[in-house]
Amino acid sequence: MRKLLFIVSALLVFSTASYGQFADYLKKSEVHGSFEVDGMYYHADEAMGITDSIIDGRNFGFNGFASVTYSLGKFSAGMRYEAYLPPIAGFDPKLEGSGFPNLWASYNSEKLSFTVGNFYEQFGNGLIMRTYEEWTLGYDNSINGARVVITPVKGLILKGVYGTQRYFWSKYEKNNRGIVKGADIELNFNDAFQSMESSKLRLSLGASAVSKYQVDEDPIYKLPRNVASFAGRMNMGLGRVNFSTEYAYKINDPSAMNEYIYKPGQALIASISYSTRGFGAFAMFKRIDNMSYKSDRTVTSNALDISYLPAITEAHTYMLAAMYPYATQLNGEIGYQLQINYKVPKKSKLGGKYGMGISVNYSQVNDIVRTAPSDTTEIGVPGTLGYESDFFKFSDHVFYRDLNIEIDKKFSKKFKGTFTYIYQDFDIATIQGHTGEPMITSHIGIADITYKFTSKKALRAEIQGLFTDQDKGDWAAILLEYTISPHWFFSVADQYNYGNPIQSDQLHFYTGSFGYTHKTSRISVTYGRQREGVVCVGGVCRNVPASSGFYVTLSSSF
Amino acid sequence: MMLKKMIAVLSLMLFAVVVLAQGEVEAKKLPSVNIKTLDGQTFNTQNISNDGKPIILSFWALWCKPCKKEMDAYNENYEDWQDETGVKIYAVSIDDARSTAKVLPFVNGKAWDMEVLLDPNGDFKRAMNVNMIPHTFLIDGNGQIVYQHTSYYEGLEDEIFELVEKIAAGEDISKH
């Protein structure tokens with residue numbers, strides 16, 4: 001069959017174009033792609049509570065993808081293959097399987113772009129529409145349908161999208177989930193109006209509308225089949241100041257996420273920054289009220305999201321600092337973030353020969369204030385309006401608080417370091433659903449030091465401590481990493497939970513790894529223990545269970 | 001099922017043919033994707049240019065420590081590099097809506113002098129087949145991508161600059 005196909009298509013191609021033309025097309029054609037495979041081998045580790053019967057013969061996890069894009073002038077097409085056989089621990093078990101979840105073709109010209117198949121789109125900040133893919137989380141909510149982007153005049157962009165979202169491997173069938181449609185308009189004043197071309201004021205405005213249709217099969221409630229949402233945004237820059245804001249409104253959308261209340265949803269984000277060479281200040285405000293927006297109202301897991309509402313707290317990446325990551329509370333939160341970046345100039349007293357960087361960030365997120373919708377109805381009763389809420393009021397209930405101070409300094413040509421202090425309050429009962437557990441208050445200190453032996457060889461050491469009286473108690477961690485540019489790295493690390501109140505849980509989580517990179521190809525091998533935790537990227541988090549074994553990852557692009 | 005197989009086989013064939021054909025022309029051009037400038041204006045990636053001189057194009061994010069180290073290393077050398085080769089550096093942040101608004105004050109606070117762009121939904125990243133960051137591309141005077149590299153280790157900047165010097169001198173580094 002394959003042979004036959006090959007011959008038929010080869011004949012077709014050659015008969016429709018003279019060889020010269022064909023060769024010409026080929027010259028103009030481009031093929032690019034990338035792939036990655038992540039493999040995990042698990043073994044039992046009794047100290048961690050992982051026994052052979054838990055592994056149950058499934059010693060392997062395998063996640064892999066390959067994507068290829070073909071382009072010829074204004075035309076391009078692509079496909080993406082994925083396999084999870086079975087998915088690595090911590091990924092949604094519904095991912096198990098393999099196939100082509102992503103196929104698309106598109107035409108792109110200056111004024112018009114048209115895509116059919118699977119695509120990713122974001123309106124504004126994504127408050128009512130963002131489809132994206134995040135390999136490290138196994139997350140993909142791409143739309144399968146059609147998209148058109150029109151630029152009728154310079155500076156004006158119109159977008160329309162229509163389709164259904166990806167839900168793991170489940171194909172869209174009538175009424176098995178909703179249909180999403182949306183439109184967006186954006187006007188960049190400085191491009192659109194000649195008089196503003198060199199204006200100091202940089203201004204852009206945008207507006208979007210999104211609607212999802214889902215059949216109402218609920219036996220109890222009469223649910224809206226079409227749920228519309230609207231958003232408006234502005235971005236304004238004037239000299240050193242930049243201001244950006246977006247507000248979104250969603251009509252009533254009773255769902256499993258909000259326990260079937262009929263209250264409309266709202267979201268507001270606003271940020272302002274002032275910056276000049278060597279100094280940057282930033283403030284942001286965010287309020288979310290009942291804004292979960294999915295193309296299936298019965299789904300509560302990380303899937304089928306239409307809206308994107310990321311946390312506004314600092315995204316920590318150091319091992320211990322990432323222990324308690326905040327995740328947006330879609331049903332309601334109000335918070336703010338402040339940040340200052342300052343570079344102490346070179347050759348000053350404090351800055352020394354190379355200067356010194358200082359960064360301070362503070363963020364806090366509270367619950368919104370809820371009051372009963374009427375004298376006779378309690379808060380949050382399914383089938384009612386649920387509650388009323390004063391827009392700008394902060395509740396006394398703190399979800400998360402984070403102060404971090406970071407100093408980076410180069411001491412000499414060979415020696416530099418980054419030093420971090422973090423204070424954190426983390427309401428584990430709300431954020432991770434550990435009902436009844438107290439707020440975790442922790443102090444974290446990190447020294448990250450690099451010493452360069454030669455122009456290509458360097459040793460980096462991280463020394464970290466996390467101190468808390470709650471949850472699992474105190475931790476200490478160390479990491480050593482030796483790199484030989486541009487190809488090699490070798491590292492060993494250990495996280496030690498010496499303060500765990502349960503003595504038998506005072507474990508070492510050690511790993512050893514090495515990797516080789518050549519241009520865009522990279523392979524790395526890790527052996528050791530992975531502690532239970534949460535990995536978050538953007539607005540989505542996934543739980544990573546404790547595991548022990550080998551982890552191999554191989555990736556490349558061309 | 002049959003259709004899927006057919007599509008797969010056909011695409012693989014097409015792929016093989018084109019890859020063979022590309023033996024002659026290995027280099028490739030930048031795709032056309034609309035991304036954003038730091039003050040929120042739309043920017044088409046085909047406008048990435050440097051008057052026939054070399055370009056370093058690097059993908060980074062605020063949450064990526066090695067990326068920020070790489071940018072720091074470039075920034076430290078940028079003046080010298082520009083004097084010697086006229087090279088221009090574009091740093092494309094793939095921070096999403098969580099932190100896009102923080103990129104401008106961060107970049108200024110760091111006193112980085114390169115051109116910084118925002119790719120909040122990864123459209124440019126996908127078009128360039130960037131899997132993990134940092135991912136750095138070198139582009140020659142004709143707008144052709146002639147070299148790319150992922151990950152950053154201390155000292156990579158020296159290697160990158162050697163290549164930039166070769167590009168500026170008109171050498172072909174695609175076989176490097």
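Proteins come first, then strands; the chains are lettered A, B, ... in the order of their sequence lines, and each starts at number 1.
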Point to revise | Stepwise side-chain contact (heavy atoms from CB on, under 4.5 Å) test for Lys29(B) and Glu30(A) | key: CA-CA 9 Å; Lys29(B) 284 208 169 286; Glu30(A) 289 195 16; 4.2 Å; yes
Exercise for review: Give, as side chain, backbone, both or neither, the part of Arg240(A) having an atom under 4.5 angstrom from any heavy atom of chain B.
Suggested key: neither
Check your understanding: For Trp488(A) and Tyr153(B), which heavy atoms make the closest approach, and how far apart are they?
Key -> O-CE1, 3.6 Å
**Study point:** Non-hydrogen atoms of Ser275(A) and Leu104(B) that approach each other most closely
**Key:** OG-CG, 4.0 Å
Review point. By a 4.5 Å heavy-atom criterion (distance strictly below it), what part of Lys65(B) contacts chain A: side chain, backbone, both, or neither?
Key: side chain
**Study point:** chain A contact residues among residues 115-128 of chain B, heavy-atom distance under 4.5 Å
**Key:** Pro120(B), Asn121(B), Asp123(B), Arg126(B)
Review point. Is it the backbone or the side chain of Gln337(A) that comes under 4.5 Å from a heavy atom of chain B, or both, or neither?
Key: side chain
Study note, to complete from the structure: Within residues 66-92 of chain B, the residues sitting under 4.5 Å from chain A by heavy atom, in sequence order, are Lys69(B), Glu76(B)
Review point. Hey, which of Thr418(A), Ile312(A), Thr276(A) has the most heavy atom pairs under 4.5 Å with chain B?
Key: Thr276(A)
Exercise for review: Select, from Gly278(A), Gly355(A), Ser204(A), the one with the greatest count of heavy-atom pairs under 4.5 Å involving chain B.
Suggested key: Gly278(A)
Practice item. Counting only heavy atoms closer than 4.5 Å, note whether Ser151(B) contacts chain A via side chain, backbone, both or neither. Key: side chain
Point to revise | Any donor-acceptor pair under 3.5 Å from Ser557(A) side chain to Asn129(B) backbone | key: yes
Exercise for review: Under 4.5 Å heavy-atom distance to chain B, tell me which part of Ile484(A) shows up: side chain, backbone, both or neither.
Suggested key: backbone
Review point. What residue among Thr151(A), Asn188(A), Asp191(A) forms side chain to side chain donor-acceptor pair (under 3.5 Å) with Thr42(B)?
Key: Asn188(A)
Check your understanding: If you tally heavy-atom pairs under 4.5 Å against chain B, which of Gly78(A), Gly280(A), Ser67(A) wins?
Key -> Gly280(A)
Check your understanding: Any idea which of Thr483(A), Val149(A), Asn235(A), Thr520(A) has the most non-hydrogen atom pairs under 4.5 angstrom with chain B?
Key -> Thr520(A)
Point to revise | Atom group of Ala281(A) that falls short of 4.5 Å from chain B, counting heavy atoms | key: backbone
Exercise for review: Please report the closest heavy-atom contact between Ala311(A) and Arg98(B), naming both atoms and the distance.
Suggested key: O-CG, 2.9 Å
Point to revise | Residue Ser556(A) versus chain B: region with a heavy atom under 4.5 Å | key: backbone
Point to revise | Closest heavy-atom pair and its distance - Asn34(B), Ile157(A) | key: ND2-CD1, 4.4 Å
**Study point:** Engaged part of Tyr342(A) at the chain B interface, taking heavy atoms whose separation is under 4.5 Å
**Key:** backbone
Review point. Is it true that Glu159(B) and Lys456(A) have a side-chain N and a carboxylate O under 4.0 angstrom from each other?
Key: yes
Point to revise | Part of Asp158(B) lying under 4.5 Å from any heavy atom of chain A | key: side chain
Practice item. Against chain B, work out which of Leu203(A), Ile340(A), Ile272(A) has the most heavy-atom pairs shorter than 4.5 Å and name it. Key: Leu203(A)
Point to revise | Nearest-0.5 Å distance that lies between atom OG1 in Thr517(A) and atom CE in Met132(B) | key: 8.5 Å
Practice item. Start with the C-alpha distance between Asp96(B) and Arg130(A), add both sets of side-chain angles, then the distance that settles side-chain contact (heavy atoms from CB on, under 4.5 Å), and finish with yes or no. Key: CA-CA 10 Å; Asp96(B) 67 25; Arg130(A) 185 188 186 211; 3.6 Å; yes
Check your understanding: What residues of residues 48-57 of chain B sit under 4.5 Å from chain A when only non-hydrogen atoms are counted?
Key -> none
Practice item. Show your working on side-chain contact (heavy atoms from CB on, under 4.5 Å) between Lys102(B) and Glu314(A) and close with a plain yes or no. Key: CA-CA 10 Å; Lys102(B) 278 163 83 172; Glu314(A) 182 81 345; 2.7 Å; yes
Review point. Measuring heavy-atom distances to chain B, does Lys286(A) have an atom under 4.5 Å in its side chain, in its backbone, in both, or in neither?
Key: neither
Study note, to complete from the structure: Bottom line for Leu127(A): the part with an atom under 4.5 Å from chain B's heavy atoms is neither
**Study point:** Region of Gln122(A) that comes under 4.5 Å of a non-hydrogen atom in chain B
**Key:** both
Exercise for review: Mind checking side-chain hydrogen bond (donor to acceptor under 3.5 Å, both in side chains) for Ser455(A) and listing every partner two or more places apart, or none if nothing turns up?
Suggested key: none
Review point. What part of Phe279(A) lies closer than 4.5 angstrom to a heavy atom of chain B: side chain, backbone, both or neither?
Key: backbone
Review point. Among Asp448(A), Thr313(A), Thr454(A), which has the most heavy-atom pairs under 4.5 Å with chain B?
Key: Thr313(A)
